[in-house]
Amino acid sequence: MSTDLTRPPEAAPDWTISQDWARYTAGEHAMWDRLFARQSAMLPGRVTSAFMDGLDVLRMTKPGIPDFDELSERLMRKTGWQVVAVPGLVPDEVFFDHLANRRFVAGRFIRTPDQIDYLQEPDIFHDVFGHVPLLAHPAFADYMQAYGQGGLRSLGFGALHKLARLYWYTVEFGLIREGGDLKLYGAGIVSSYGESRFALEDASPNRIGFDVMRLMRTDYRIDDYQQSYFVIDSFEDLLRQTMETDFAPLYAALEDEPDLAPDAVIDGDVVLTRGTQAYAKNAASL
Ligand code: PHE
Ligand code: FE
């Protein structure tokens with residue numbers, strides 16, 4: 001998402017482009033297969049069962065990078081979602097409008113071997129491996145569509161900035177309680193080898209109970225592992241607190257509330273882990 005972008009000439013008015021699947025090289029397909037194998041070995045036991053259930057939609061008839069046409073057909077049959085390619089960042093309204101119509105926008109490029117462990121810009125592995133399995137889960141599929149509708153609505157309240165934090169701390173970096181343990185569900189975590197361990201097992205980050213108002217005040221970092229993760233009780237509870245709640249009064253109430261730093265812990269937080277922030281402090285001192 002972003003503003004002030006110019007649409008490249010090859011993109012359609014809705015900013016989509018052809019995936020051009022036939023143009024991927026053998027090396028690019030091999031990179032997908034390598035990342036897929038590594039993450040699908042890492043995640044069992046760490047990720048929510050809803051993600052593992054959805055992972056099968058990514059097992060295509062052709063090896064390597066999924067072809068969006070085949071992927072969309074399979075996803076369409078499950079939850080009515082499609083995956084469409086875009087050139088990179090797209091304007092906010094475009095992003096929200098696609099989500100509101102059950103189209104997930106994905107980049108088509110894949111990281112290079114030297115970026116295997118971390119890259120800031122989402123590539124096709126993040127977008128597809130990270131996001132698509134949960135789009136096969138009916139409740140989460142509805143959440144993503146409602147988020148798109150809520151995003152369009154937030155623009156009228158000048159509250160996009162607040163709502164974007166909700167996306168970040170749920171869709172991208174969310175944790176969920178399951179069977180007495182914490183599990184991963186955020187796409188930014190599950191597509192990252194390092195953060196899949198860090199988010200669950202490291203002593204550095206805070207792990208705090210999900211609270212919509214709290215979270216819409218909290219800044220986030222885009223350049224390294226998160227300093228706080230927010231934990232939902234269930235997808236049903238997430239839906240109740242977001243989709244089924246009118247945000248207009250929340251946005252109004254938030255106008256008087258100061259923003260919070262990514263590592264803040266405040267009165268009223270349900271703190272599951274008070275992080276040492278050792279990782280973040282060390283990274284800052286390098
Ligand atoms: N229900 C919210 C509103 O009234 C929008 C929303 C939907 C937010 C789904 C997050 C997820 O604007
Ligand atoms: Fe993402």
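Atoms within each ligand, like the ligands themselves, are counted from 1 in listed order.
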The single option from K78, M144, R102 passing side-chain contact (heavy atoms from CB on, under 4.5 Å) against L135: M144
Within the 6.0 Å centroid threshold, strictly below: F129 and F51: yes
Contact check: D127 to the Fe ion (ligand 2), N/O/S below 2.8 Å: no
Y143 N/O under 3.5 Å from ligand 1 N/O: no
Y279 ring center near Y225 ring center (under 6.0 Å): yes
Atom name, E172 (N, O or S, nearest to the Fe ion (ligand 2)): OE2
Heteroatom distance test (Y251, ligand 1): nitrogen or oxygen, under 3.5 angstrom: no
Nitrogen or oxygen atoms of T242 and ligand 1 under 3.5 Å apart: yes
Nearest protein heavy atom with distance in Å, relative to atom 7 (C) of ligand 1: A146 O, 3.4 Å
Pairwise side-chain contact, Y229 with F198, heavy-atom cut-off 4.5 Å (strictly under): yes
Residue of the set E178, E201, E195 for which salt bridge (Lys or Arg N to Asp or Glu O under 4.0 Å) holds with R46: E201
D246 side chain vs A248 backbone, donor-acceptor pair below 3.5 Å: yes
Protein contact to atom 1 (N) of ligand 1 [nearest heavy atom, distance to 0.1 Å]: T245 O, 2.7 Å
Protein contact to atom 5 (C) of ligand 1 [nearest heavy atom, distance to 0.1 Å]: G150 CA, 3.6 Å
Heavy-atom neighbours of Y193 OH exceed 12 at 6.0 Å: no
Test of proximity, F247 against ligand 1: N or O pairs below 3.5 Å: yes
Distance-only polar pair, side chains of E172 and H126, donor-acceptor under 3.5 Å: yes
Atom indices of ligand 1 within 4.0 angstrom of D246 heavy atoms, with elements: 4 (O)
Ligand 1 atoms in contact with R153 (distance to a heavy atom under 4.0 Å): 3 (C), 4 (O), 12 (O)
The Fe ion (ligand 2) - name of the N/O/S atom of H131 that sits closest to it: NE2
L166 and ligand 1 - part of the residue with a heavy-atom distance under 4.0 Å: side chain
Flag for Q19-R108: side-chain donor and acceptor within less than 3.5 Å: no
